[in-house]
**Q** 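Following this message is one structure expressed as structure tokens.
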Protein chains: 2
Amino acid sequence: MRKTSAVTVLESLASGVRLDMYRLLIRKGVEGMVAGDIAAALDLPPTNLSFHLKAMTQAGLLTVEQEGRFQRYRANLALMQDLIAYLTEECCAGHPEQCAIPRRAKGTVSRTPSTARTA
Amino acid sequence: MRKTSAVTVLESLASGVRLDMYRLLIRKGVEGMVAGDIAAALDLPPTNLSFHLKAMTQAGLLTVEQEGRFQRYRANLALMQDLIAYLTEECCAGHPEQCAIPRRAKGTVSRTPSTARTA
DNA sequence: TTAATAGTTCAACGATTGTTGGAATATTAA
DNA sequence: TTAATATTCCAACAATCGTTGAACTATTAA
């Protein structure tokens with residue numbers, strides 16, 4: 001992950017509203033949620049919801065898929081894993097015995113339901 | 001971790017400068033770095049550096065310890081772990097088989113060099 | 001004591017962000 | 001076709017954020 005991407009992802013999580021949106025969607029997994037249901041769950045006016053959904057989708061944190069007149073949003077789990085790796089990269093470099101952050105084996109790549117952008 | 005704390009931590013990482021600062025410090029582990037060396041490494045004017053160090057320290061992401069006329073900063077690894085747990089909490093709730101995010105065993109707590117606030 | 005070094009605080013400014021209502025677009029139902 | 005529903009786009013405004021220079025405090029060296 002590049003720095004600019006990491007900043008964009010972090011920005012798009014750094015607000016109470018967007019954090020709620022992301023956590024709501026990550027719970028739903030592959031099912032995801034349509035925009036209207038997210039609005040209802042979090043009690044947000046549609047304009048505002050759309051603003052945040054767009055920001056998060058552009059950051060890659062969410063994916064969208066059209067379903068008739070609904071838009072279904074899903075959390076992008078792979079990107080979250082990349083972010084976590086970026087944040088903890090080379091933690092305690094050269095002194096793994098001091099380090100409390102769990103390390104992933106090198107080359108470990110996990111399969112994800114869907115990483116592709118739908119938009 | 002509470003939502004307000006998570007937002008504060010994410011805000012304090014959501015900028016190129018602060019992300020660089022954090023990643024620099026997490027590499028140093030328990031050694032940490034004094035403010036002047038951080039400024040030199042990232043080529044930042046002291047006023048600006050101090051502004052960001054303060055924000056990150058108040059968010060709990062960094063700890064400070066005075067050493068004579070120097071201030072030594074260290075990354076708070078425990079808080080990063082809490083944040084990661086918060087972000088991935090209840091991922092794919094009820095459908096672990098769909099989920100690509102690695103789960104931590106319940107009750108897993110890792111020892112960290114220092115979690116206490118020094119200031 | 002005086003001077004130098006390390007770092008923080010303050011005030012100001014420009015830039016960016018979040019929220020809102022209203023208008024626009026797209027899809028489905030009547 | 002027309003009307004209703006779902007969602008996005010646009011413009012405006014207030015609020016917040018990041019950067020800077022100048023002034024300040026604390027510690028150490030001369």
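Below, read A as the first sequence line, B as the second, and so on, with proteins coming before strands; counting in each chain starts at 1.
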**Q** Report the residues that fulfil side chain to side chain donor-acceptor pair (under 3.5 Å) with B:R72, sequence neighbours left out, ordered by chain and then residue number.
**A** B:E67
**Q** What pairs with A:A41 under side chain to side chain contact (heavy atoms under 4.5 Å, CB included), at least two apart in sequence or on another chain?
**A**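 Checked A:A41 against side chain to side chain contact (heavy atoms under 4.5 Å, CB included); matches are A:L24, A:M33.
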**Q** Quick one: label A:R18 by what it contacts on the DNA or RNA (base, sugar-phosphate, nothing), any heavy atom closer than 4.0 Å.
**A**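 If one applies the 4.0 Å heavy-atom cut-off, A:R18 turns out to touch the sugar-phosphate alone, with no base involved.
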**Q** My understanding is that only residues two or more places apart in sequence, or in another chain, count here; which of them pass salt bridge (charged side-chain N to carboxylate O under 4.0 Å, His left out) with B:E31?
**A**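 None.
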**Q** Using the side chain to side chain contact (heavy atoms under 4.5 Å, CB included) criterion, which residues pair with A:S5? Sequence neighbours excluded.
**A**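 Here the qualifying residues are A:M1, A:V9.
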**Q** At a cut-off of 3.5 Å, list every protein nitrogen or oxygen paired with a nitrogen or oxygen from nucleotides 27-30 of chain C, distance to 0.1 Å.
**A**
from, atom 1, to, atom 2, distance (Å)
C:dT27, O3', A:R69, N, 3.4

**Q** Identify, residue by residue, the members of residues 3-14 of chain A with a heavy atom below 4.0 Å from DNA chain D, and return them in order of residue number, or none.
**A** none
**Q** Looking at B:L53, is its backbone amide N or carbonyl O close enough to the side chain of B:T57 to form a donor-acceptor pair, meaning the two atoms are under 3.5 Å apart?
**A** yes
**Q** Using the salt bridge (charged side-chain N to carboxylate O under 4.0 Å, His left out) criterion, which residues pair with A:E97? Sequence neighbours excluded.
**A**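 Applying salt bridge (charged side-chain N to carboxylate O under 4.0 Å, His left out) to A:E97 gives none.
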**Q** Which of residues 31-55 of chain B have a heavy atom under 4.0 Å from DNA chain C?
**A** B:V34, B:A35, B:G36, B:P46, B:T47, B:S50, B:K54
**Q** Figure out the CE/P separation between A:M56 and C:dT17, and round it to whole Å.
**A**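 Whole-Å distance recorded here is 16 Å.
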**Q** Using modelled atom types only, decide if a donor and an acceptor are shared between the side chain of B:R74 and the backbone of B:V30 within a distance under 3.5 Å.
**A**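 Here the side-chain-to-backbone pair exists.
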**Q** Rounded to whole Å, please give me the gap between CZ in B:F70 and P in D:dT27.
**A**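 Spelled out: CZ on B:F70 to P on D:dT27 is 13 Å.
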**Q** Show every donor-acceptor pair shorter than 3.5 Å between a side-chain atom in residues 14-22 of chain A and any protein atom, with sequence neighbours excluded, or say none if there are none.
**A**
from, atom 1, to, atom 2, distance (Å)
A:S15, OG, A:V17, N, 3.4
A:S15, OG, A:R18, N, 3.2
A:R18, NE, A:S12, O, 3.0
A:R18, NH1, A:H52, ND1, 2.9
A:R18, NH2, A:E11, O, 3.0
A:D20, OD2, B:K3, NZ, 2.7

**Q** Would you say a side-chain N or O of B:Y73 is under 4.0 Å from OP1 or OP2 of C:dA6?
**A** no
**Q** Drop me the distance from B:L83's CG to B:Q81's CD, to the nearest 0.5 angstrom.
**A**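 So the CG of B:L83 and the CD of B:Q81 are separated by 11.0 Å.
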**Q** Could you check how far CG of B:L19 sits from P of D:dC17, rounded to whole Å?
**A** 18 Å
**Q** For B:R72 and C:dG7, what is the distance between atoms CZ and C1' respectively, to the nearest whole Å?
**A**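 Going from CZ in B:R72 over to C1' in C:dG7 covers 15 Å.
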**Q** With sequence neighbours left out, which residue pairs that include part of residues 52-63 of chain B fulfil the salt bridge (charged side-chain N to carboxylate O under 4.0 Å, His left out) condition?
**A**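 For residues 52-63 of chain B: none.
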**Q** For A:V34, what are the other residues in its hydrophobic cluster, where any two members join if their side-chain heavy atoms are less than 4.5 angstrom apart?
**A** A:F70
